[in-house]
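See structure below.
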Amino acid sequence: MSAEGLDLGGLRRVYGRAGSRWFYTRVARNARHWGWTEPGQSKWRLWRAQRQLQDVLGRKLALPAGARVLDAGCGTGSVAQAMATRFGLTVTGVDVLDFHLAEARRLGARAGSDGRATFHWGDYHRLPFGDGEFDGAYSMETLVHSYDPARALAEFHRVLRPGGRLVLLGPISVGPLDELAPRPRALIESFLEAMTMTGARIYHAGNLSRLLGEAGFEVEEALDATPYYTPTFEAVHAYFRLPWEVVRRIGDPAKWINLRSTVEMYEVREHVAWYVHTAVKPTR
Ligand SMILES: C[S@@+](CC[C@H](N)C(=O)[O-])C[C@H]1O[C@@H](n2cnc3c(N)ncnc32)[C@H](O)[C@@H]1O
């Protein structure tokens with residue numbers, strides 16, 4: 001199943017509005033992803049949780065220093081920089097938003113990764129790289145935007161060498177949306193539409209491993225990491241519930257799409273999970 005194609009206008013609206021930029025720059029310190037909190041840790045330390053999530057990714061990639069890794073949907077490059085500086089990986093980031101790439105290059109110049117993270121325009125459904133060029137690949141909360149997840153996974157498979165590793169992290173609906181009751185389904189579909197999250201309407205916790213298998217991967221682990229993400233989810237909801245109410249009543253809600261999505265997602269939290277899928281391209 002696939003949708004129409006790359007919705008660049010939609011992505012520009014999601015990430016380009018002043019409210020989104022403020023949210024990601026100030027609140028998330030340039031990372032455009034959730035966070036990982038260990039049992040017993042405070043949920044209020046969002047930046048530590050984001051750093052820990054990046055470390056989970058680095059450990060799941062489990063690649064030696066110098067390995068070549070694709071960051072599919074690199075945003076402004078904070079994950080790529082983390083993989084380069086903390087794990088010694090050589091990271092090639094691709095993204096379809098020119099303003100994200102410009103920011104990734106600007107921030108990269110002062111990140112101390114000695115050029116081990118580079119950034120290029122590219123749609124991860126049709127990557128500008130040859131077969132088997134990478135030892136690893138990851139998608140940190142980007143597959144949700146895929147207009148054709150099966151094709152994206154096939155493309156990751158193509159650019160990985162045999163034995164190469166893929167890690168997918170992100171929110172995912174627990175099951176097919178058409179099996180939900182009308183109210184949660186309407187809420188989820190409306191914010192997925194607003195966030196241009198086409199992929200998240202196609203894959204879910206019940207079928208992503210199968211899609212990986214069909215793309216030629218062996219799934220090593222499909223980890224339901226929801227308990228580690230929930231503290232960040234709760235903290236973000238607590239921070240933004242009231243600001244969102246104010247914006248909704250007296251501001252322009254369309255400009256604050258991220259506030260909306262964090263609050264509305266929380267209302268349907270029993271239907272949302274976070275997964276970390278680790279898969280390998282077989283050597284035979
Ligand atoms: C939630 S952000 C995550 C950015 C980064 N991975 C991070 O964690 O900070 C999603 C990113 O995926 C990018 N993206 C969406 N669809 C894409 C596609 N087809 N090809 C490449 N990048 C894409 C968006 O432009 C955006 O920068």
Side-chain angles (χ1 to χ4, degrees), residues 2-17 20-21 23-25 27-36 46-47 49-58 61 69-84 91-105 107-108 111 117 119-129 137-156 159 166-172 191-192 194-203 229 232 236 257-258 261-262 265 274 276:
S2 70
E4 297 289 297
L6 184 64
D7 181 1
L8 201 48
L11 290 169
R12 294 185 83 84
R13 274 195 299 282
V14 171
Y15 292 102
R17 289 201 197 276
S20 296
R21 288 184 189 231
F23 182 91
Y24 285 123
T25 312
V27 180
R29 276 218 287 211
N30 289 314
R32 281 149 175 75
H33 59 74
W34 294 88
W36 180 285
L46 300 182
W47 297 338
Q50 289 183 314
R51 186 184 164 95
Q52 289 181 170
L53 180 59
Q54 295 163 357
D55 287 342
V56 168
L57 165 62
L61 282 169
V69 175
L70 171 75
D71 180 334
C74 58
T76 56
S78 60
V79 184
Q81 294 300 347
M83 293 306 107
V91 187
T92 302
V94 298
D95 207 287
V96 288
L97 291 177
D98 45 2
F99 54 86
H100 275 181
L101 291 166
E103 190 65 355
R105 293 185 189 113
L107 293 169
F119 303 99
H120 309 268
W121 194 92
D123 173 355
Y124 57 60
H125 301 84
R126 46 179 84 214
L127 287 163
F129 307 112
Y138 62 85
S139 151
M140 177 67 97
E141 300 179 18
T142 70
L143 200 65
V144 284
H145 292 300
S146 170
Y147 51 85
D148 187 344
R151 180 161 156 193
L153 297 178
E155 196 59 350
F156 299 155
V159 299
L166 175 69
V167 182
L168 308 173
L169 306 96
I172 193 165
F191 79 65
L192 292 181
M195 295 292 287
T196 323
M197 290 183 169
T198 315
R201 302 162 89 157
I202 299 170
Y203 68 81
Y229 279 77
T232 300
V236 168
I257 204 160
N258 296 83
S261 75
T262 52
M265 245 175 111
W274 278 265
V276 183

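Whatever order the structure lists ligands and atoms in, that order sets their numbers, starting from 1. Because the structure is predicted, anything quoted here is derived from the model rather than measured.
With sequence neighbours left out, the side chain to side chain donor-acceptor pair (under 3.5 Å) criterion links Tyr15 to His145. Residues passing the side chain to side chain donor-acceptor pair (under 3.5 Å) test with Tyr138 are Asp71, sequence neighbours excluded. By the salt bridge (charged side-chain N to carboxylate O under 4.0 Å, His left out) test, Asp7 is found to be paired with no residue, residues two or more places apart in sequence or in another chain being considered.
Heavy-atom minimum distance, Arg105 versus Trp121: NH2-N, 4.5 Å.
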Please tabulate, line by line, the atom pairs linking an N/O of ligand 1 to a protein N/O at a distance below 3.5 Å, with the distance in Å to 0.1, or answer 'none'.
unit_1   : atom_1 : unit_2 : atom_2 : d
ligand 1 : 6 (N)  : Gly73  : O      : 2.8
ligand 1 : 6 (N)  : Met140 : O      : 3.1
ligand 1 : 9 (O)  : Arg32  : N      : 2.8
ligand 1 : 19 (N) : Asp123 : OD1    : 2.9
ligand 1 : 20 (N) : Tyr124 : N      : 3.0
ligand 1 : 25 (O) : Asp95  : OD1    : 2.6
ligand 1 : 27 (O) : Asp95  : OD1    : 3.3
ligand 1 : 27 (O) : Asp95  : OD2    : 2.6
ligand 1 : 27 (O) : His100 : ND1    : 2.8

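With hydrogens and angles disregarded, no donor-acceptor distance shorter than 3.5 Å links the side chain of Thr76 to the backbone of Glu103.
When each of Val96, Leu97, Thr196 is checked for a side-chain contact (heavy atoms from CB on, under 4.5 Å) with Arg12, only Leu97 meets the rule.
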